[in-house]
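Okay, so here's the structure we're looking at.
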Amino acid sequence: MKNSFYVLFLLSFLTSCQQQNVNRTAVVKSYYSAFDSGDYNALKAITNDSITIISGDFTTNYDKEAFYEFYKWDSIFKPTYNTIEIEEENNTVLVTVAQKNKRNSFLQNNPLKFKVRVSFTSGKISKLEELEYINVNWNEWNQQKNALVEWVQLNHPELNGFVNDMTMKGAMDYLKAIELFKSRNNREIKQ
């Protein structure tokens, strides 16, 4: 019994030491680098079995399967991520990110810059909380989005719902809606 206690104590001590040696800053850089390069296996290795993303009033909890769906949605827009600033604060990391992609370009905010607090469980990313967006023109964003949604409802109702569909199909429909909308604008300009 006494030996079991010592073994458990030693295992607990070694585990806590190992967790303290995690370079959280490097993990966060790897996270955005993996999104940037399209390496989901690298993301899997550094994210917890469940991950929470908080964006404004929305909190979404993902298991591995749901997070993979989110990753696929994001990848359709051909994103690039650049970590602008990064600092450790207690057990979290604060990172400022610039994200460029086809959706942000259409919505007139490319790159989209934002600050995120990243939390960890057992050395892996378990929560990303978007704290603020930097120099985002939400009026332009919403005007572009609303014009696209209204036009799609009238001209391509088969694509309705693309804005809130966070699946790969939803992202593909979003891009298709953008392409159709732009081609409509180009035809009107030529006439």
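The structure displayed is predicted, hence computed values, not measured ones.
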In terms of the angle between their ring planes, are [X] and [Y] parallel, tilted or perpendicular, with boundaries placed at 30° and 60°?
{"X": "Tyr32", "Y": "Tyr81", "value": "tilted"}
{"X": "Phe67", "Y": "Phe35", "value": "perpendicular"}
{"X": "Trp138", "Y": "Trp141", "value": "perpendicular"}
{"X": "Tyr174", "Y": "Phe162", "value": "perpendicular"}

Give a yes or no on whether the backbone of [Y] and the side-chain of [X] come within a donor-acceptor separation of less than 3.5 Å.
{"X": "Ser33", "Y": "Lys29", "answer": "no"}
{"X": "Asn23", "Y": "Thr25", "answer": "yes"}
{"X": "Lys64", "Y": "Lys44", "answer": "yes"}
{"X": "Asp165", "Y": "Gly161", "answer": "no"}
{"X": "Asn90", "Y": "Thr92", "answer": "no"}
{"X": "Asn110", "Y": "Asn101", "answer": "yes"}
{"X": "Tyr68", "Y": "Asp63", "answer": "no"}

Are side-chain heavy atoms of [X] and [Y] found at a separation under 4.5 Å?
{"X": "Thr47", "Y": "Lys124", "value": "no"}
{"X": "Val152", "Y": "Asp173", "value": "no"}
{"X": "Phe70", "Y": "Ile53", "value": "yes"}

**Asked** Looking only at heavy atoms, what is the nearest atom pair of Gln144 and Leu107, with distance?
**Response** CB-CD2, 3.8 Å
**Prompt:** Considering residues, nucleotides and ligands other than Glu132, do more than 12 of their heavy atoms fall under 6.0 Å from its CD?
**Reply:** yes
**Item:** Lys113, NZ: over 12 other non-hydrogen atoms inside 6.0 angstrom
**Value:** no
**Request:** Using distance alone, with no hydrogens and no angle criterion, decide if Asn104 and Gln99 have a side-chain donor and acceptor under 3.5 Å apart.
**Result:** yes
**Message:** What I want to check is whether the side chains of Thr80 and Asp36 have a donor and an acceptor closer together than 3.5 Å.
**Reply:** no
**Prompt:** Looking at Phe106, does the NZ or CZ of Arg103 lie under 6.0 angstrom from its six-membered ring centre and within 45 degrees of the ring axis?
**Reply:** no
**Item:** Electrostatic pair Lys72:Glu69 at N-O distance under 4.0 angstrom
**Value:** yes
**Request:** Apply side chain to side chain contact (heavy atoms under 4.5 Å, CB included) to Leu43 and Tyr40, showing your working.
**Result:** CA-CA 5 Å; Leu43 278 172; Tyr40 183 71; 4.1 Å; yes
Do the side chains of [X] and [Y] join up, straight or via other hydrophobic residues, at under 4.5 Å, putting them in one cluster?
{"X": "Ile46", "Y": "Leu94", "result": "no"}
{"X": "Phe77", "Y": "Met166", "result": "yes"}
{"X": "Ile54", "Y": "Ile125", "result": "no"}

